[in-house]
There are 2 protein chains.
Amino acid sequence: MTRTTDFDRDEMIDKAMNVFWNKGYEGTSMRDLMESTGLQKGSIYNSFESKENLFLLCLERYASNSRSFHYKEGDPGMYLQNFFRRLVKEGVDKKFVKGCLVMNSCLEFSGDEKILSRKAKILFTATEKNLRNVAEAFFNSSKSTSEIKKIQVNLVAAAFSIREISKFKKDKDFLVQIANNVLKEFNLRI
Amino acid sequence: MTRTTDFDRDEMIDKAMNVFWNKGYEGTSMRDLMESTGLQKGSIYNSFESKENLFLLCLERYASNSRSFHYKEGDPGMYLQNFFRRLVKEGVDKKFVKGCLVMNSCLEFSGDEKILSRKAKILFTATEKNLRNVAEAFFNSSKSTSEIKKIQVNLVAAAFSIREISKFKKDKDFLVQIANNVLKEFNLRI
DNA sequence: CAATAATTTGACCGATCGGTTAAATATGTA
DNA sequence: TACATATTTAACCGATCGGTCAAATTATTG
């Protein structure tokens, strides 16, 4: 009955996400988004409403991608090892200066309480929950709730440090030490 | 023989520094700087050359202020306790959403290698050196260089985490746990 | 007080920002 | 094939960006 969109919506969100991930929300211009997606400005606004809404979709896409890396079953120790190995590996990669889009956004929007800030914080708690789940699975009720909570904090802080410090300090020993320090609590090393 | 500048240069740098600290480099406009300093745009350019150069002066001022908090002598354990107590105290303060200007700048400029980025990274190493000095003073050659280095990394990561995470997560227990986890290595608590 | 040399002021610059709009174009249905 | 309805395109919008500049102002020295 009528004309349909002639681009793949998901693909465009992916492309936009990568720009936002690299340059941040404010650091990304409509020009950047037009170039990365190959769409004209009007098409972007027609399909995604606004820069803000497009970013929201990108944040959700990023979180959705992340969720597929979350712990579900299997050896929690192995999971943690692989988790931190990946963080360090990506961190030392000179081409990888992106950090984590959710953490980046929490930092960029800290200070305001608008929709993007609130969303970023909510998605941050998903990472926290994931790490708590791993800790619980590892210690299998041999530790109290408050002990688990402390370990969760240490895991979150370590992940945050590695992801964000690696944006400007590509020092493998440094990043590995952060990981090993928290893995110690699991009698593990990278 | 001629007219002299009729404002206090140091005072203006302080005022500019606070804006940059709150809003970041890109997030701060000349308008913001004019309002915070009370100077006209032309005066700012006449006295400080450019936004970039003014920021550089602010970075150096910030680092200079920080240096007065660095460890020099006395009980290194007490120093560390006070250091982390201050980080947590400032971190939970709802009005304090600034983090650390040097760390913020390292993050904001990650990806490029221009003057501001280089300067921020250099100043970051000053914090690293300070924490290493404390660790060395505390363990007083009872630990090897590589052991000290590992403890230094843990201290840096903890300080970074508290300062930056507290920008968007004002959870005292969380921040205290990060501090206590690293203070454990010194048989200390907050 | 007058001459000198600096600062201060505010208008102005081109570029870019996110966003809008109307016309051109293309697609599916009758 | 023609209509209806959507998307696509590119010109355009006011606001703001960092920065410049010439004129006005002011403090100092001879």
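Please read all numbers here as calculations on a predicted model, not as lab measurements. Throughout, protein chains are lettered first and strands after them, A, B, ... in sequence-line order, and every chain is numbered starting at 1.
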Does A:K51 contact C:dG19 through a side-chain donor or acceptor facing the base, at a distance under 3.5 Å?
no
C:dG10 base to B:K41 side chain: any donor-acceptor pair below 3.5 Å?
no
Using atom [atom1] of [X] as one end and atom [atom2] of [N] as the other, report the distance to the nearest whole Å.
| X | N | atom1 | atom2 | result |
| --- | --- | --- | --- | --- |
| B:M30 | D:dC21 | CE | P | 15 Å |
| B:E49 | D:dG18 | CD | P | 16 Å |
| B:L39 | D:dT25 | CG | P | 19 Å |
| A:L54 | C:dG18 | CG | P | 12 Å |
| B:E35 | C:dG10 | CD | P | 14 Å |
| A:N46 | C:dG19 | CG | C1' | 13 Å |
| B:M34 | D:dT20 | CE | C1' | 13 Å |
| A:D32 | C:dG19 | CG | C1' | 16 Å |

To the side chain of [X], which of [options] is closest?
| X | options | value |
| --- | --- | --- |
| B:R3 | C:dG18, C:dT7, C:dC17 | C:dT7 |
| A:T5 | C:dT8, D:dT7, D:dG18 | D:dT7 |
| B:T4 | C:dT7, D:dG18, D:dT28 | D:dT28 |
| A:Q40 | C:dG28, D:dT9, D:dT7 | D:dT9 |
| A:S29 | C:dG18, D:dT9, D:dT20 | C:dG18 |

Taking the nucleotide of DNA chain D with the nearest heavy atom to each, does A:S47 or B:E26 sit closer to the 5' end?
A:S47
When the nearest nucleotide of DNA chain D is assigned to B:R31 and to A:F7 on a heavy-atom basis, which residue is associated with the more 5' position?
A:F7
Find out whether the Lys NZ or Arg CZ of [X] is both under 6.0 angstrom from the six-membered ring centre of [Y] and within 45° of the ring's axis.
| X | Y | value |
| --- | --- | --- |
| A:K169 | A:F174 | yes |
| B:K51 | B:Y25 | yes |
| B:R86 | B:F69 | yes |

Parallel, tilted or perpendicular: which one describes the rings of B:F160 and A:F160, with boundaries at 30° and 60°?
tilted
Tell me if the aromatic rings of A:F83 and A:Y71 count as close, with their centers under 6.0 Å from one another.
no
